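As the structure is a prediction and not an experimental result, all values here were calculated from the model.
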Amino acid sequence: MKYIQRFKAFEEKLRYKEIIIDGVKWEYLDIGNPLGKPLVFLTGGLRHPIWSFCVLDLFINDYRVIAPVYSTGLSLEPVIDGVKHIMEHEGLKDSYMIGSSWGGNLVQCMTYKYPDIASKIVLSNTGALYSKSLIPFLRFY
């Protein structure tokens, strides 16, 4: 029951924004302390950061958290560039990036392509074991 109460309290703090990037509508959360250090949170394969609310809730008092919802049907390159575009649109400078699961892989790709995009990064559960059952999932992305 406490988990549900915690989610409901978190849900009241949500602020969604929308932006069109190359004809694709992107949604993202802009939550937390508007004067806090920018923190870009890239979630895992479920595509929506709401599933990581327990983690996001830990940061919103001290950080301004930007957390994109990944658009479906995009390949890796447009996702990387879409997140970068959101960061530029929001004027994020000297931000931290956190990537969980597939989001951690995205952070690695982003920092490879744009080495100065973040001052610090945190990666969580970014590895994937080889498995034949994993191949269809990876092709989806």
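- For E27, the side chain to side chain donor-acceptor pair (under 3.5 Å) criterion is met by no residue, not counting sequence neighbours.
- For K120, the NZ atom counts as loosely surrounded, since its 6.0 Å shell holds 12 or fewer non-hydrogen atoms of other residues, nucleotides or ligands.
- Between atom CD1 of residue I86 and atom CD of residue E18 there is a gap of 11.0 Å, rounded to the nearest 0.5 Å.
- From L106, atom CG reaches atom OG of S100 across 11.0 Å, with rounding to the nearest 0.5 Å.
- For the pair Y28 and V83, the minimum side-chain heavy-atom distance is 4.5 Å or more.
- A donor-acceptor pair is defined here as one N or O able to donate and one able to accept, closer than 3.5 Å; such a pair exists between the side chain of S71 and the backbone of K25.
- Summarising the geometry of P49 relative to A67, their closest heavy-atom pair is CG-O, 3.5 Å, with the distance given to 0.1 Å.
- Taking 4.5 Å as the limit, every side-chain heavy atom of R64 sits out of range of all side-chain heavy atoms of N33.
- Qualifying side chain to side chain donor-acceptor pair (under 3.5 Å) partners for S52, counting only residues two or more places apart in sequence or in other chains: T43.
- The side chain to side chain contact (heavy atoms under 4.5 Å, CB included) test applied to D94 returns K37, S119, not counting sequence neighbours.
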Side-chain donor-acceptor pairs of residues 109-116 under 3.5 Å, sequence neighbours excluded:
residue	atom	partner	partner atom	Å
T111	OG1	V107	O	3.0
T111	OG1	Q108	O	3.2
K113	NZ	E77	OE2	2.1
K113	NZ	D81	OD1	3.0
K113	NZ	D81	OD2	3.3
Y114	OH	D81	OD1	2.6

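- For the atom pair CD of E88 and NE2 of H85, the computed distance is 7.0 Å after rounding to the nearest 0.5 Å.
- No side-chain heavy atom of L29 sits under 4.5 Å from any side-chain heavy atom of F41.
- Taking the side chain to side chain donor-acceptor pair (under 3.5 Å) definition, one finds that K17 meets it with D30, E90, sequence neighbours left out.
- Between K8 and E12 there is no salt bridge, since no side-chain N of the basic residue sits under 4.0 Å from a carboxylate O of the acidic one.
- Residues I66 and M87 are not in side-chain contact: their nearest non-hydrogen atoms beyond the backbone lie 4.5 Å or more apart.
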Give the table of side-chain donor-acceptor pairs shorter than 3.5 Å for residues 53-60, with sequence neighbours excluded, one pair per line with atom names and distance.
residue	atom	partner	partner atom	Å
D57	OD2	R6	NE	3.3

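- Put simply, Y16 and W51 are part of the same group of oily side chains (I, L, V, M, F, W, Y) that touch within less than 4.5 Å, one to the next.
- Across all non-hydrogen atoms, the minimal contact from A118 to M97 is CB-CG, 3.6 Å.
- Between the OG atom in S95 and the CD1 atom in I121 there is a gap of 11.5 Å [rounded to 0.5 Å].
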